[in-house]
Amino acid sequence: MTGRATRTFVPFALGFGTLVLFTLALEALIRAGLVNRFIVPLPSQIAGAFGRVIAEEDIPHRFLVTARESLWAALLLALFGIGFGVLLYRVRLLREATETWVAALASAPTVLMYPLFLVIFGRSETTIIMMGFVAGVPAVILKTIEGLAGTRRVLIDVGRSFKLSEVQLFWKILLPAALPTIFVGLRLGMIFALINIVGVEFLINFGGLGQLINDLAERYDLPGTYAAICFVILVSVVFFFLTDRIERWLRPVA
Amino acid sequence: MKRLTILVAAALALAAPPAWSADQLKATLGQRGNWDTAVIHLGTKAGIFKKHDLEIETVYTSGSGETLQPVIAGSVDLGFAVGTLGAMAAYAKGAPVRIIGAEATGAADYWYAKTSSPIKTLKDTDGHTIAFSTNGSSTQSIVRAFISENKLTAKPMSTGNPSATLTAVMTDQVDVGWASPPFGLKEIDAGQIRVVAKATDAAIVRGQTIRVIVANTDALAKRRDVIARFMQAYRESIDYMYSDNPQVIKDYAEFVGVPESVAKRVRDDFFPKALIWPDEIKGIDTLMPEAVTLKFIPEPLTPAQLSELIQIQGKK
Amino acid sequence: MAETGRLIAPAAPPIAPVTLVRVAIIVFVLLFWEAIARSGLLFRDVVPPLTVIGQALIALLAETDYYRHLGVTAGEIAIALGVGGVTGLAVGVLLGGSRLLARAFEPYLYYLGPTPKIIFFPIMIMWFGVGPGSKIAMGVISCFFPLALSAAAGMRQIDQVLIKVGRSFRAGTWAMVTKIYLPAMRAPVVNGVRLGLGVAIIGTLLAETKLSNRGVGFLIINAYSTFNMPRMYALLIVVFVLSIGANALIGRLGGVDQIKRA
Amino acid sequence: MAVTRLADQVPRAQSAAPILVVDDIVKSFETPDGTVTAVDHISFDVAPGEFLAVIGPSGCGKSTLFNIIGGLIEGYRGRVAVAGETVRGPHASIGMVFQEESTFPWRTVVENVAFPLEIAGMAKAQRIERARHFIDLVGLTGFERRYPAELSGGMRQRVAIARTLASEPKILLMDEPFGALDEQTRLLLGDKVLAIQHQLKQTCLLITHNITEAVQLADRVLVMTYRPGKVKRMVAIELPRPRSSEIVSSDAFGRSVAQIWGDLREEASRGMRDDERHIAEHLS
């Protein structure tokens with residue numbers, strides 16, 4: 001009992017302690033004039049700016065906007081990503097023809113297409129959602145294929161021995177077996193999508209949290225800018241926790 | 001190792017063009033291609049800065065914030081086309097920046113609609129949407145001035161830069177778009193769009209210095225004479241830009257990639273010389289309350305603060 | 001239309017079905033684009049016909065200036081990948097080697113990993129100036145995270161028995177690192193480098209679009225802000241082709257014996 | 001062959017001093033369910049040139065014993081000594097062959113086998129020559145340039161054995177080296193090991209749960225009890241040498257197998273009962 005407690009507590013204390021120490025050191029360095037305070041504001045100022053930014057800049061609303069965009073992107077990713085993955089898995093020819101393309105697309109700097117999306121979808125949430133979707137969809141497709149193709153042969157044979165139809169085989173055996181891998185892909189895709197969503201908000205100065213950073217930087221509100229950056233990091237922390245939990249829940253007990 | 005360094009240095013020294021000891025200045029500029037931000041480019045082409053023993057390195061940015069930040073950090077000496085409000089905000093927070101001249105007094109921006117649209121003048125915009133770039137930008141102030149001065153019921157809408165705005169207009173996402181010449185002149189000539197209003201139609205804008213030239217305080221203190229000399233060359237460049245010399249139009253047309261006729265129109269129709277003349281910061285009395293409303297500064301700057309912030313350089 | 005006819009014709013009997021499908025998809029996408037361009041559904045200047053884009057592409061490739069910009073960007077990315085790669089690998093090995101350090105610090109890497117790095121650009125400008133320094137810094141912070149995380153994961157995934165083999169032959173620390181840990185981690189590390197390259201390209205190019213006077217990102221944003229859409233598409237096509245190519249090359253270099261090892 | 005072997009200098013008389021002494025080893029582990037004693041007061045000797053097999057049911061602490069003798073685990077009571085020298089950490093005189101797939105997938109066969117020589121700092125040309133010798137010994141000549149992924153499981157295990165032999169250990173310590181292989185391959189590889197042992201006069205210690213394998217190869221078989229692992233019996237295998245896998249069908253072979261199975265059956269049943277109790281506890 002106590003052994004387990006110390007095992008989780010010591011690393012946490014070390015990590016968090018280092019973070020606190022780093023923050024304190026930064027505060028000291030800035031106060032001593034060794035770091036330009038017009039470049040990096042005092043951590044205490046940033047902490048102070050949180051309340052102001054939340055109250056004055058309508059953080060809850062902006063958070064909701066970014067969350068809404070992410071949700072839409074996630075929906076599209078799940079629908080089209082898994083859909084395409086299944087399609088490519090089923091139609092072998094199509095898969096052979098396009099799998100390397102999809103993999104290549106995963107490594108291409110799609111975010112640079114933002115002007116193209118701007119001109120097609122306008123400066124709207126649709127652009128942001130689509131940018132997120134395009135950035136994330138290759139990962140989902142690839143992992144879906146990987147998950148389905150990685151289903152152990154014997155499980156499929158078991159299904160066949162029980163005389164399952166193709167449709168039953170898919171829903172009862174293939175999909176459940178592939179689900180953990182598919183979810184890994186979904187999570188990966190969502191990470192890429194989230195990066196692009198906030199990034200594009202920042203780039204085109206539109207939407208939720210990304211725009212806020214731009215706005216505050218434009219007004220030269222440094223503590224506010226950093227506070228907003230902290231909010232974005234907070235969003236990724238929340239996202240990380242949520243998906244990590246779901247992933248653990250889906251993963252078969254080893 | 002040391003010997004190698006010396007060798008390399010020697011080789012570089014030999015390879016470099018005959019060293020002439022010009023004073024160097026670094027500058028960030030917003031909006032590459034605008035007539036007002038082309039002063040340094042055109043002046044350099046005409047050899048005006050070289051004549052003053054100056055060498056200017058320019059870096060283009062995508063917005064006022066990015067122009068200002070390197071100046072504050074001291075990684076460049078000068079910043080051009082920084083929003084006046086942004087400069088005030090930075091100063092009010094204690095950042096090491098000073099305004100050393102006006103970059104644009106009044107604005108050359110114009111508003112347009114599709115040719116097929118019924119909107120012909122500002123009066124027709126009631127109940128329609130009208131574009132500005134982003135929150136806190138000068139285009140937003142101008143649109144607000146349009147609406148209040150003409151008692152319009154038009155709805156302002158943020159559409160981003162001229163490219164995004166043009167697309168929005170052409171695909172009917174917004175009724176009236178904004179642009180800054182030479183952007184859109186080609187479309188006007190092609191009969192796709194027509195001008196509805198110019199920024200100067202708003203009385204308040206005519207007398208406002210909306211964008212300024214800033215300098216890093218440190219650079220200003222240490223190299224005051226160089227910066228003063230620079231501003232001198234800057235003024236000479238502007239004089240040259242409005243001279244009869246056809247070369248300037250040729251250079252500008254090449255710089256922006258437009259026909260010379262368009263380049264000439266940009267200067268003659270949209271940019272009176274007074275617009276880019278740097279000697280005076282105007283309209284502080286109307287800009288100050290706006291800066292407070294838009295949360296750039298918590299309270300108006302005092303006259304003492306203003307005289308510290310605004311230090312016009314090299315004025316005769 | 002005539003062009004597409006020519007493309008299909010030779011693909012009749014002797015060509016593999018996979019190639020046929022690929023050609024069909026390409027033709028479909030091109031036709032789809034052309035149809036949109038001609039239909040006027042979208043603003044014509046935004047979706048220019050293929051011939052116009054093709055001309056812009058040829059014009060771009062004939063420009064000597066373009067190669068200078070390309071060189072600047074490639075140099076920035078290479079340095080970013082080098083710096084980010086070495087630091088990422090070092091941090092990854094440290095985290096992978098120590099359970100305590102991993103539990104203490106790895107969560108923070110996971111939190112910062114999905115954060116869009118472009119939001120740090122204002123800080124990078126202030127720290128590293130307006131020149132290539134700030135773009136390289138963007139590239140470095142972009143590729144550091146995937147590299148560190150995949151190196152750490154790779155280190156932990158090493159088959160324990162291989163480490164036992166090394167110990168049973170009494171290999172020293174240096175021999176263990178160079179002869180067992182690093183070779184055993186090669187696949188995940190190469191994968192991390194590929195991921196890292198992708199995000200380093202994005203970070204660097206985005207930074208160039210924000211603030212610069214040279215580089216491909218600068219060319220892209222310049223084409224966009226002057227509404228020169230065909231040129232912008234030409235630039236995007238080149239960037240896509242080059243980054244996909246570079247990625248494939250790294251994969252190839254990293255996996256010479258991959259097929260044999262499979 | 002220019003290769004000389006340390007083993008040649010060791011007299012092969014059974015009466016000679018034991019080369020390996022395992023003296024009263026006790027090892028316990030902390031688990032969530034409390035302290036579990038894996039190895040309980042185990043002692044035995046191995047004479048030079050002898051082939052000893054240790055057999056026991058799953059969960060009797062065989063692998064723990066293997067790791068202790070190999071010097072990979074610390075924190076136990078008792079003493080392991082090789083040629084009179086106490087083992088503290090991996091010892092040069094003990095060469096280990098692991099149960100799991102342990103060839104380096106990024107090295108070719110010859111590079112794998114040369115690995116211990118490389119670690120010892122031998123010059124490249126020389127170590128390649130030696131490696132070839134041992135590759136030849138395990139019958140893989142012609143496969144030097146292949147990668148493990150291009151070989152069958154049995155061939156990979158031969159590579160692992162050759163690699164360990166290349167380090168010229170006084171004792172070859174093997175942990176179920178053929179555990180992942182099919183029965184036929186297992187028997188034939190057993191022949192190979194017998195031939196090598198005969199040729200090199202190699203002292204061997206084999207850990208296994210396979211009775212056929214133990215009887216086929218060993219001079220003596222040590223039977224361990226199920227949890228905690230103690231010495232249940234030491235059985236001498238009175239089969240003539242040199243042997244081959246054909247011996248499997250002989251009566252003498254069958255008698256030895258039956259004798260060991262009699263002991264082992266009891267222990268394995270206890271293991272099974274343990275599992276069933278676990279299930280029952282879980283259900284109640």
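Lettering follows sequence order; numbering is per chain, from 1.
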Part of [X] lying under 4.5 Å from any heavy atom of chain A:
X        : value
C:Ile125 : neither
C:Ile118 : both
C:Ile221 : side chain
C:Arg194 : neither
C:Leu100 : both

Count the heavy-atom pairs under 4.5 Å between each of [options] and chain C, then report the option with the highest count.
options                                : value
A:Val238, A:Val235, A:Ile213, A:Val111 : A:Val111
A:Phe12, A:Tyr226, A:Phe239, A:Trp101  : A:Trp101
A:Thr98, A:Asn214, A:Ile191, A:Val237  : A:Val237

Handout entry: Max heavy-atom pair count under 4.5 Å with chain A, selected residue of C:Ser243, C:Pro116, C:Ala248, C:Gly217
Key =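 Among the listed options, the one with the most contacts to chain A is C:Pro116.
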Handout entry: Closest-packed option against chain A by number of heavy-atom pairs under 4.5 Å, given C:Phe105, C:Tyr224, C:Tyr111
Key = C:Tyr111
Main-chain N/O of [Y] paired with [X] side-chain donor or acceptor, under 3.5 Å:
X        : Y        : value
C:Lys135 : C:Val130 : yes
A:Arg62  : A:Gly208 : yes
C:Ser134 : C:Met124 : no

By a 4.5 Å heavy-atom criterion (distance strictly below it), what part of [X] contacts chain C: side chain, backbone, both, or neither?
X        : result
A:Phe16  : both
A:Leu234 : neither
A:Met113 : both
A:Thr225 : neither

Handout entry: Aromatic ring proximity, centroids under 6.0 angstrom, A:Phe202 and C:Phe121
Key = no
Problem - is_close_aromatic(C:Trp33, C:Tyr233), centroid dist under 6.0 Å - result: yes
Completion exercise
OG1 (C:Thr19) and CD (A:Glu96) are apart, to the nearest 0.5 Å, by 10.0 Å
Exercise for the section: Report the relative orientation of the aromatic rings in A:Phe117 and A:Phe121; use parallel for angles under 30°, tilted for 30 to 60°, perpendicular for over 60°. Expected result: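 Judged by the thresholds at 30° and 60°, the geometry between A:Phe117 and A:Phe121 is tilted.
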Exercise for the section: Please determine if C:Lys117 forms a cation-pi arrangement with C:Phe144, meaning its NZ or CZ atom is less than 6.0 Å from the six-membered ring centre and no more than 45° off the ring axis. Expected result: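 Output no; distance or angle outside limits.
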Practice task
For the pair C:Tyr110 and C:Phe145, evaluate ring-ring contact (aromatic ring centres under 6.0 Å, His included) and give the outcome as yes or no after the intermediate values.
Solution key: CA-CA 8 Å; C:Tyr110 274 110; C:Phe145 293 93; over 10 Å; no
